[in-house]
Amino acid sequence: MGKITIFSKLIINMFIGVVLAQFLGVPEAYGAIGGAVVPLAAGAFMPAGSLCEGVFTEIWTGELVKQLRGGMTASWLDGVSDYSAAVNNEVIHLVDVGGDPDVLINNTTYPIPVQDLGDGDIALGLDKFQTKKTVVSDDTLFAISYDIIGSVIERHGDAITIAKFKKAAHAVAPQSNTDTTPVIPTTGEKDASGRQKLTRKDIISLRRALDAKGYPPTGRRLVLCSDHVNDLLEDDQTFRDQYYNYTTGKIMNMYGFQIFEFENCPFYTKEGTKVAYKTTPGETDHQASFCFYTKRLFRAQGSTKMYYKEATTNPDNQANEVNFRHYYVVLPKKNEAIGAIYSWDGTTAQTKGTATTNDQNWAEARRAAALDEESLQEGGQQAAAGGDELDV
C-alpha cells in the first residue's frame, strides 16, 4: 500500500475534527479547523496515518539530565612540564642525569681524577585508555527527539577524562613511606569511621620530611582529598576563614604548599600502603592526600581516535557503533620528592619501604603480549617437531 499523502492526512485530520465537534456539541467548522491546526502544534494526539502523528505520546523537552561526576578537571596539573611533543610511538625517553661532580677545594694533586656522572635513559610509556563500544540503533534514533549520538560521544569523552586524571593521581602518590617518598599518618581525633582526622601538624610533618631531604620549598603542591578538606574545615578556624580566595578563585596556600583538592585521590590501607589502581578499596581503606614537586613531574598526551561505524554499513543490526582510544600519562620523573598523608586508625603499625608496583603501561603490555605470542608459536613449532619425530 502506498504512503498517504500530506493532503490526504490533512483531510483525515479535518474529518476527525468534525466528528469530535459533533460529539462535543460545537460547530463543525471549528472542528474542521481544529483538526488541521492542533496536530501541527501537538503532533502526538492523532492516530496513525494522520498528519504530524507522534512516535510516543510523552512530551520531550530536549533537556538532558546528565550524571553528576567529579574528577573532570585536574587544576593541580596546571604548569607541570608537558612532553606531548616528545612522544614517539607512545613512549617518551628522558635523560636520567646522574650525581653532581665533586668539587675540589685548594687541590694540589694532578692530574685531576675522572668522575663518571652516571647519566642514563628513562623510557616512560603512555597509558592506553579505551571505552567499551556503545550501540545506537536506527530504531532508537527514530524514536528519540534529542541528539543521542552527540550525547554518547560526550559521555565517552567524559569517561576517559575522569579515568586518566584518576590514574594520574594514583601514579603520582608514593607506594609507601621511604627515605625519598615520605608518607605521613594523620594524628587528629577519630571520626565515626575510626580514622584519625587531618590536622595542620600533619601537614607540617610532611613539610619537615621534605625539608630534611633538601627538596626545594618553591614548587611544592599538596592535593587534598575530600575527607582531609572537611577535617580542616571542621576543626581549623583559620583554614575555614581562608579556605577559598574569592579574588583568585583558588584555595589558600599553606606552609609553603600550593593547596588543591581532587575528588579521585588514591586510597591507602591502614598500614600506609597505596591500594592498587584496579583493586576495589576495602572497608578500612581511605582516600589520602598527596604532594609533589612540580619539576619532578611530567605529563604527556598521545593520539586520540574515535571509532565509528554507521548503521548504513551495518545491515545485520542496523545500528551505529562508537568508542574511543586515547593515550595519556602523568608520572614522577624519578621516585623522589613525592609524598602523601593517609588517614591512620591510630593503632596499626605503618609499613615502610614497600617496593613500587606500577601497572604496565601500553608499551610494556604490548611487548609482553608480543613475547607471549612468540612463546606460543615456538611451543607450537616444538610440539610439531616432536610429533614428526615420534612418527618417524
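Counting from 1, the numbers follow the sequence of the chain as shown.
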side-chain hydrogen bond (donor to acceptor under 3.5 Å, both in side chains) between Asp202 and Thr187: does it pass, once the steps are laid out? CA-CA 7 Å; Asp202 303 329; Thr187 59; 2.6 Å; yes
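- Aromatic ring orientation, Tyr277 versus His170: perpendicular (interplanar angle above 60°, classes split at 30° and 60°).
- Sorted by first and then second residue, the side-chain hydrogen bond (donor to acceptor under 3.5 Å, both in side chains) pairs involving residues 283-292 (not counting sequence neighbours) are His228-Ser289.
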Go through Glu321 and Asn314 one step at a time and tell me if the side-chain hydrogen bond (donor to acceptor under 3.5 Å, both in side chains) criterion holds. CA-CA 9 Å; Glu321 300 175 1; Asn314 190 3; 3.3 Å; yes
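- At least one test fails for Lys164 against the ring of Phe129: distance under 6.0 Å to the centre or angle within 45° of the axis.
- Other cluster members for Val275: Phe267, joined by side-chain heavy-atom distances under 4.5 Å among Ile, Leu, Val, Met, Phe, Trp and Tyr.
- Ring to ring, Trp76 and Phe290 are close: their centroids are under 6.0 angstrom apart.
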Full working for side-chain contact (heavy atoms from CB on, under 4.5 Å) between Val223 and Cys265: CA-CA 8 Å; Val223 184; Cys265 286; 4.2 Å; yes
Check step by step if side-chain contact (heavy atoms from CB on, under 4.5 Å) holds for Thr181 and Gln175. CA-CA 8 Å; Thr181 62; Gln175 183 68 26; over 6 Å; no
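- For Thr273, the side chain to side chain donor-acceptor pair (under 3.5 Å) partners are Thr269, not counting sequence neighbours.
- Put simply, the side chain of Phe257 reaches to within 4.5 Å of the side chain of Leu210, judged on heavy atoms.
- The aromatic ring centres of Tyr293 and Tyr215 sit 6.0 Å or more apart.
- When side chains are defined from C-beta on, Ile153 does not count as touching Tyr308, because their heavy atoms never get closer than 4.5 Å.
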